[in-house]
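Here is the naming used below: chain letters follow the sequence lines, and residue numbers restart at 1 for every chain.
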Number of protein chains: 2
Amino acid sequence: MARTQGSHSDITGPRIRRAALRLFARHGFAAVSMRQIAGEVGVQAGALYNYTPDKQTLLFELMRDHMDALLAARAAEAARAGRDPMARLENFTRHHIRFHIERPDEVFIAYMELRNLAPENFAEIERLRHAYEDELETILRNGVAAGDFAVPDPRVATYAVIAMLTGVNTWYRAGGRLSLSEVETLYWDMVRKAVAA
Amino acid sequence: MARTQGSHSDITGPRIRRAALRLFARHGFAAVSMRQIAGEVGVQAGALYNYTPDKQTLLFELMRDHMDALLAARAAEAARAGRDPMARLENFTRHHIRFHIERPDEVFIAYMELRNLAPENFAEIERLRHAYEDELETILRNGVAAGDFAVPDPRVATYAVIAMLTGVNTWYRAGGRLSLSEVETLYWDMVRKAVAA
DNA sequence: GTCTATAAGTTGATAGAC
DNA sequence: GTCTATCAACTTATAGAC
């Protein structure tokens with residue numbers, strides 16, 4: 001449905017980002033046209049360019065905002081979890097699952113659309129992802145030093161744990177056989193044993 | 001470079017599939033045009049339609065061939081691995097890593113382009129993927145019954161292990177710090193411990 | 001089996017009226 | 001800030017010559 005003319009800068013911006021997020025996740029960045037996004041929001045295609053210089057920047061900002069939110073949430077969680085490696089690893093495991101399952105579109109885009117980023121944008125997203133991975137690697141190294149964990153290669157274990165946890169997004173559906181809390185516990189059981197001394 | 005006219009049905013077909021595979025993996029199905037594929041092969045766009053009825057079928061057949069090859073390879077490996085659950089799980093782990101790392105483009109497409117499949121094609125690929133998952137789930141259930149494994153939820157553990165192992169493709173590069181054989185051993189160590197009784 | 005030519009429609013982005 | 005109109009280029013797929 002079309003909109004009447006007028007000024008709506010305060011709400012149109014977020015609506016454009018939400019519509020783009022949903023459509024990019026469903027159909028892929030390349031398959032979605034600026035006209036489709038505009039149609040979803042209820043404006044004409046030309047109006048989008050008041051909010052983003054181009055389609056590429058729209059994609060990049062969705063991914064960067066997601067990674068910023070992830071790192072900010074981790075910083076807050078890490079402060080709560082204390083210093084014990086086992087407690088920190090459990091906190092990381094449960095928080096990763098919860099944070100990612102709450103943002104399926106963002107997670108999907110952040111993994112699938114890396115190849116559609118311009119090189120400088122790709123480098124920035126990779127930098128943020130690396131910062132996230134580094135926290136888990138540090139937890140594992142501290143646990144090894146404390147004698148709690150036996151992890152022959154903390155970097156590889158970091159990749160393995162993150163891939164395993166993010167995989168929840170490919171199958172978990174709310175209202176299914178298991179509650180999210182039960183899923184968290186099942187994965188924590190596997191992570192704990194996989195790195196156990 | 002353009003090709004002169006002539007008949008090349010025996011080689012053009014495979015070349016089209018290889019070019020489409022490479023381009024879809026690099027840029028995404030929606031971002032690749034039939035002209036790009038034709039250009040890579042050295043024919044005009046119209047000639048592609050001697051080999052595929054449309055772009056969608058080209059994608060589907062790449063994915064189906066990959067899943068068929070995976071299931072055939074598994075059947076051959078399973079025959080070699082015997083009946084012991086521990087031996088079968090190690091065989092599955094190492095073979096999954098090796099098979100997937102040898103086919104990065106196929107794996108990328110099989111995971112990323114599911115959303116671009118027509119519904120009936122999607123259902124077929126999902127059926128094949130499910131058959132692959134079922135083998136691992138059966139291994140885990142047999143290991144639990146034999147007292148070798150402690151796995152509270154074999155279906156969830158199946159998802160977790162497969163996601164973890166496929167994750168190797170996102171970071172491993174030949175000629176890097178670790179050989180593929182070392183990587184296999186690191187992952188087998190984590191899988192073994194994660195499901196241990 | 002491949003070519004050229006074409007149909008019919010879509011694309012990202014811009015210009016200027018309001 | 002949004003609209004309409006527009007551009008030049010691109011898209012998948014087909015028809016018919018060779």
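- A sub-4.0 Å separation between OP1 or OP2 of C/dT2 and a side-chain N or O of B/T12 is present.
- Nucleotides of DNA chain D nearest to A/A47 and A/R35 differ in position, and the one nearer the 5' end is that of A/A47.
- Taking atom CZ of residue B/R15 and atom C1' of nucleotide C/dT2, one finds them 14 Å apart after rounding to whole Å.
- In terms of position on DNA chain C, the residue among A/F29 and B/G46 whose nearest nucleotide sits closer to the 5' end is B/G46.
- Ion pairing of A/E133 with A/R129 is absent here, as no side-chain N (NZ or NE/NH1/NH2) approaches a carboxylate O to less than 4.0 Å.
- Base pairing in DNA chain D yields stems of at least 3 consecutive Watson-Crick or G-U pairs, both distances under 3.5 Å, namely C:1-18 with D:1-18.
- Between B/D134 and B/R74 no salt bridge is recorded (no basic side-chain N to carboxylate O distance below 4.0 Å).
- For A/Q36, the listed nucleotide lying nearest its side chain is C/dT11; candidates were C/dC3, D/dA13, C/dT11.
- Contact check, A/Q44 against D/dT4: a side-chain N or O comes under 4.0 Å of OP1 or OP2.
- With respect to the salt-bridge test (charged N to carboxylate O, under 4.0 angstrom), the residues B/R88 and B/E135 qualify.
- Using a 4.0 Å cut-off, some side-chain N or O of A/Y51 falls inside it from OP1 or OP2 of D/dT2.
- Which of C/dG12, C/dG1, C/dT4 sits closest to the side chain of A/S33 comes down to C/dG12.
- Distance from the side chain of A/D54 is smallest for C/dA13 among the nucleotides D/dC3, D/dA13, C/dA13.
- The A/N50 side chain lies nearest to D/dG1 when the options are D/dC3, C/dG12, D/dG1.
- Using a distance-only test at 3.5 Å, with no hydrogens or angles considered, a donor-acceptor pair links the side chain of B/Q56 to the main chain of B/N116.
- Residues B/E90 and B/R94 are paired through a salt bridge, judged by an N-O separation under 4.0 Å between the basic side chain and the carboxylate.
- Side-chain atoms of B/T52 do not come within 3.5 Å of backbone N or O of B/Y49 as any donor-acceptor pair.
- Between D/dC3, C/dG1, D/dA13, one nucleotide has an atom nearer to the side chain of B/K55 than all others, and that is D/dA13.
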